[in-house]
Amino acid sequence: MCGIVGAYGWTNERTLSSMLEWIEHRGPDEEGTYVDRDAGVMMGARRLSIVDLAGGSQPKVNEDGNVRVVFNGEIYNHATLRESLERRGHRFESQSDTEVLVHLWEEYGEEMVTHLEGMFAFSLWDREAETVFLARDRLGIKPLYYGRTDRGYVWGSELPALLLGGVDRTLDPAAVFNHFSLEYTPGSQTLLQNAWKVEPGHTVRIGPDGVRERKYWDLLDVETGSATMSLESAADRVSDLLERSVEQRLMADVPVGAFLSGGLDSSAIVGIASELTDEPLKTYSIAFSNERLDESDEARLVAEHFGTDHHEVHVDLSSMDLFGEMIRSLGEPTGHLQMLPIYALSQRASEDVTVALAGEGADELFAGYSRYQQAPRYKRKVDFLPEFTHDIAGAVAPIAPVGTRHLRYYSWLKNNTEMVLHNTCGFMPFRPEPEEFLETGETLETSGLRTNVSELTGRIDDPAPEQHMSAFEARYTLPDYHLYKADHMSMAHSLEARVPFLSTELAEFARSLPIEHKATEQDVKRVLKRAVSDLLPDEIVERKKAGMRPPVEDWFREEHESIETWFTAEKLENTPYVDAASATALRDGHRRGERSDGRTLWQILTYVAWYHTFIDEQTSILESTEGVARQVATHE
């Protein structure tokens, strides 16, 4: 596990050093660089030593020195790939999974990525072909960004490194609108106009002819309902695939632990890992003082059941003391309510282990949210009504004296595109619309969001709305929201989070299942529950999903320095696209108990704090380092 950076079109060793210094937390053990002034290419890596502690230094190079790579992630099938490459005549100098990449490039070129099983983001330089090759894993577990500057291109594991590399700080209003609609920026989009994500399952090639993006894998290419087998047979297959995936992700030369919420997903991983390890597995959970949201009793039940070495981290309003540190660990803000708890949990876990298994992905692949029951149930109740009635309801809703929310919700049941737009993640019914506190001038149409959703739903033949919702969440919500949170909050403390539910084989199999194996009006995650029913206590299998989130509704009715510092008229007025008066009124109404908008207020708070921490030239913590780098670049 590492953090990587690089540039094409120019070199500046002090700039490279500044970029690497920013991501030191991703790899505190070692630094490696490569600079080719003649070619105008530089790359670097910060290493967190996990596999082949002695031989894993980066960059890795091929035999003749023409190909070099810096790599972030873990390739779980690297031993098998090594054997195959050695039979083809390739010579290795280490046992590192990173070294496999340069020889795969020699053998297969861009198709190399189709041979990889794991989580990865890497940049490869082929001097003979004058090509930089960027690649990201299929499901977007590891992040990778690239941006355009006046001198060429830069890339890295985190956005602030790109700012240090010279990417302009101008925000994209469409991205800001989408961020407040979804609680994250979707797809390749970032909040910066001249920076983009390498999307999951994509590669980017940079060379004398410019930039070329290519998709090499897409979960939506798997036909839904193609797995024609009984629920029992499907559950057996899920059980086998999950056990194999957990076993792969225990591969490490350092201590491994697990996050444990007390929910089905993390409990299943802990149960399997406990059976595969000789020593008691170290587990870590969050405890909230608010009993309504606390799952620590369930986590303790699972820990006792499997005999783990269990640790709890208590989170309450005083935990907001960590808010400033958390913001500095974010390349982009998100509205994810788990950010602060996972930051605190990772901080504690990193004291004992270097790798932590986590349960991300199960809800998106196996239809685990309550909306997979509720929204389709309501839609089926009104399917007999003509489609135009949904349009009438939507037009009447803003001016109706009563029933505004119900009319608006009815309009969202029109078709699968509307269902996805308004019933997944940020588009949760009855929350404030972005227009109520933003001044971007953007809409669902101009921001590109409706087009993205429409294109996605248009690719799915299965009429079940649950399949469309699951597809959207696997394509966007999972990588840009949940996995972003898991990566940035854990790596802030030099802790690698691994996600066993996201093996390629398991993800593809889950996608192929008919919806009735995953969700009905009575239950969700049916096949997964059946798969782990003999492993877990009945109380865990049968309990309803809670979701680990802090009581931000309560927090925004109280005072804390971290809230009061950023949620001021001055800060709001000096944050682009925020309507300061509307945002203030939103909080005032919340504090008076007239409405409950803690989630929206949290999103505004993180956006404002992020902007003034990284972007505002008067307050940016990057300014001093970036200024030095620019001055040096000017004189070279």
Side-chain angles (χ1 to χ4, degrees), residues 1-3 24-30 46-54 56 72-74 76 119 141-142 245-263 265-288 294-316 318-319 321-322 325-326 329 338-360 485-500 548:
M1 176 63 67
C2 302
E24 182 178 0
H25 53 276
R26 302 187 75 92
D29 296 329
E30 192 176 8
R46 291 290 323 189
R47 184 184 178 215
L48 178 64
S49 303
I50 291 177
V51 175
D52 190 9
L53 304 186
N72 172 27
E74 305 290 347
Y76 300 120
M119 54 182 187
I141 302 168
K142 302 314 298 178
S245 182
V246 171
E247 185 173 19
Q248 283 183 323
R249 283 150 186 80
L250 289 171
M251 175 193 77
D253 298 327
V254 293
V256 178
F259 293 152
L260 176 59
S261 69
D265 312 332
S266 63
S267 298
I269 290 171
V270 165
I272 295 171
S274 295
E275 293 183 346
L276 294 172
T277 52
D278 296 327
E279 298 295 323
L281 185 72
K282 293 183 181 295
T283 55
Y284 303 87
S285 70
I286 291 291
F288 293 117
D294 184 49
E295 297 180 274
S296 59
D297 286 346
E298 290 80 3
R300 283 193 292 272
L301 171 66
V302 174
E304 291 170 4
H305 185 80
F306 293 110
T308 72
D309 180 6
H310 191 58
H311 309 270
E312 288 184 0
V313 175
H314 291 265
V315 171
D316 55 24
S318 68
S319 302
D321 292 344
L322 298 172
E325 296 176 22
M326 184 200 79
S329 302
Q338 291 182 4
M339 298 292 278
L340 189 64
I342 295 298
Y343 183 88
L345 193 66
S346 297
Q347 185 179 58
R348 172 62 188 89
S350 68
E351 296 175 10
D352 306 322
V353 300
T354 309
V355 174
L357 305 182
E360 272 74 15
K485 170 261 301 178
D487 172 85
H488 278 62
M489 295 297 90
S490 60
M491 290 307 294
H493 302 290
S494 307
L495 177 74
E496 176 178 288
R498 294 181 178 177
V499 283
M548 182 185 69

Side chains of residues 348-356: which donor-acceptor pairs under 3.5 Å do they make with residues two or more places apart or in other chains?
from   : atom 1 : to     : atom 2 : distance (Å)
Arg348 : NH1    : Glu351 : OE1    : 3.3
Arg348 : NH1    : Asp352 : OD2    : 2.8
Arg348 : NH2    : His311 : ND1    : 3.2
Arg348 : NH2    : Asp352 : OD2    : 3.4
Ser350 : OG     : Ser346 : O      : 3.3
Ser350 : OG     : Gln347 : O      : 2.8
Asp352 : OD2    : Tyr284 : OH     : 2.8

### Message
Using a strict threshold of under 4.0 Å (side-chain N to carboxylate O), is an ion pair present between Asp309 and Lys282?
### Response
yes
### Message
Any carboxylate oxygen within less than 4.0 angstrom of a Lys/Arg side-chain nitrogen, looking at Glu74 and Arg498?
### Response
yes
Spatial distance of atom [atom1] ([X]) from atom [atom2] ([Y]) [nearest 0.5 Å]:
X      : Y      : atom1 : atom2 : answer
Thr283 : Leu357 : OG1   : CG    : 11.0 Å
Leu301 : Phe306 : CG    : CZ    : 9.5 Å
Ile272 : Leu250 : CD1   : CG    : 10.0 Å
Leu345 : Leu260 : CG    : CG    : 9.5 Å

### Task
Would you confirm whether the ring centroid of Tyr343 sits within less than 6.0 angstrom of the ring centroid of His493?
yes
Donor-acceptor under 3.5 Å ([X] side chain, [Y] main chain):
X      : Y      : value
Ser296 : Ala287 : no
Arg26  : Gly3   : no
Asp294 : Phe288 : yes

### Query
Out of His310, Glu295, Glu312, which one pairs with Arg300 under the side-chain hydrogen bond (donor to acceptor under 3.5 Å, both in side chains) rule?
Glu312
### Task
Evaluate side chain to side chain contact (heavy atoms under 4.5 Å, CB included) for Gln338 paired with Lys485, printing each intermediate quantity in order.
CA-CA 8 Å; Gln338 291 182 4; Lys485 170 261 301 178; 3.1 Å; yes
### Task
Would you check, one step at a time, whether the test side chain to side chain contact (heavy atoms under 4.5 Å, CB included) holds for Glu496 with Val254?
CA-CA 11 Å; Glu496 176 178 288; Val254 293; over 6 Å; no
### Task
Using the side chain to side chain donor-acceptor pair (under 3.5 Å) rule, take Ser261 and Ser266 through it: C-alpha gap first, then chi angles, then the decisive distance, then the call.
CA-CA 6 Å; Ser261 69; Ser266 63; 3.1 Å; yes
### Message
Give me the atom names and distance for the closest heavy-atom approach of Cys2 to Leu48.
### Response
SG-N, 4.0 Å
### Task
Taking all heavy atoms of Ser329 and all of His488, pick out the closest pair and write down the distance.
O-CD2, 3.5 Å
